[in-house]
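Here the structure is a predicted model, which means the values were calculated and not measured.
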Amino acid sequence: MSPDDKVLVRVEGRLGRLTLNRPRAINALDHDMVLTLRGALAAWEDDDAVAAVLIDGAGERGLCAGGDVRAISASARDGDLRAAAFWRDEYLLNAHIARYPKPYVAFMDGVVMGGGVGVSAHGSVRIVTERSLVAMPETTIGFVPDVGGTYLLSRAPGETGTHLALTAGAVGAGDAIALGLADRFVPSGRLAELAAALADATSAGGVAEAVERFAETPPEPSLTGKPWIGACYAAETAEEIVERLSAFGDPEAAAAADTVLAKSPTAVKTTLAALRRAGELPTLEAVLEQEYRVSCAALASPDLVEGVRAQVIDKDRSPKWSPDTLAAVSAAEVERHFAPAPDGPLGLVPGS
């Protein structure tokens, strides 16, 4: 292991440790990092010397800010399959994490967005802190929540998941736990102690005992008690959701309407359709298959390249969406995102 490795892989005691190590990029995932994570998990799965796995992020800013959207945008612009190959391995990693036979502990400290959610929120022990900021921000860049995000958000209480998906909003520790994205709250200053305790654990029971020893009462959630979320986001169409938010008479609801209208109209309408369909699918694996189809189709949308340009490359925060209104996004344009992927399914669901 070199300090320059983008993923630091080592075993401490009985604990397999994975540290995402691109702190200047808030540990954003690239394809090589995904392959490293997959390889380490496969090696430790049948290794009796490893009782549990812990993933965290280097630096003070967060676990992971998401995938390498510059590379994804370049793939979309060039019309090649690099982004699809990345997503294929990333989604297979997400599925492996969810079914990992040993405790998989994620320190969701600081920024945890997009792909960062994928490598943490499917784990069996998900720890948030007072610094946690958890989000699926894809509609901001003309994309649709992936990495199993539509699975998680479609199963959040009421319509809170719909609210987060369409607005690309971020939540702290209390809401992350209430929405099913995390399990326990541990102050950031005690994570090193917890990691040391996990290294001494020899079983799943020992991991659970260590976590309980350090866990504290989380902050109160802020979203679950807001009546406008359920009343507005239950609407069948994105247009009606915005109308209800604007007319509800609550300043927060009106602000949410403005936020949704600022996102890519194509991404908003496709996200809503993906969430509704994900809620009807039986397993994470089935949802990941759907997300792979949607993600590959998004490569052909001008909004993905434009969104990354505006938010990440030029940073002018003034994307020019095409089309630029919800009404102008046709049902056919939404539906094409659910067509089979050009290179076939992930193979997670027989016959998919």
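Donor-acceptor pairing under 3.5 Å is lacking for the side chains of Ser188 and Asp109. In summary, the side chains of Glu90 and His31 do not present any donor paired with an acceptor at a separation below 3.5 Å, with no hydrogens or angles considered. In the model, Asn94 has no side-chain atom that pairs as donor or acceptor with a side-chain atom of Tyr151 under 3.5 Å. One side chain, Thr150 or Glu291, offers a donor N or O that lies under 3.5 Å from an acceptor on the other.
Remark: Lys320 does not engage Glu306 in a salt bridge, criterion side-chain N to carboxylate O under 4.0 Å. A salt bridge between Asp30 and Lys6 is present, with a side-chain N of the basic residue lying under 4.0 Å from a carboxylate O of the acidic one. Comment: Arg244 engages Glu240 in a salt bridge, judged by a side-chain N to carboxylate O separation of less than 4.0 angstrom. For the pair Arg277 and Glu280, the salt-bridge criterion is not met [side-chain N within less than 4.0 Å of a carboxylate O].
Considering Val34, Leu81, Leu93, Asp343 in turn, Asp343 is the only one that fulfils the side chain to side chain contact (heavy atoms under 4.5 Å, CB included) rule with Arg88.
Within the model, atoms CG of Leu272 and OG1 of Thr237 stand 8.0 Å from one another, a figure rounded to the nearest 0.5 Å.
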Could you pull out every donor-acceptor pair under 3.5 Å between side chains of residues 323-330 and any protein atom, sequence neighbours left out?
residue: Thr325; atom: OG1; partner: Ala328; partner atom: N; Å: 3.2
residue: Ser330; atom: OG; partner: Glu333; partner atom: N; Å: 3.0

>> I'd like to know whether Leu166 forms a side-chain contact (heavy atoms from CB on, under 4.5 Å) with Lys263, so could you lay out the CA-CA distance, the side-chain angles of the two residues, the decisive distance to 0.1 Å, and finally the verdict.
In response: CA-CA 8 Å; Leu166 298 191; Lys263 308 304 179 187; over 6 Å; no

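Residue pairs that meet the side-chain hydrogen bond (donor to acceptor under 3.5 Å, both in side chains) test with at least one member in residues 55-67, sequence neighbours left out, are Arg17-Asp56, Thr19-Asp56, Glu60-Arg131.
In this pair, Tyr100 and Tyr104 present their aromatic rings perpendicular. The plane angle is above 60°, beyond the 30 to 60° band.
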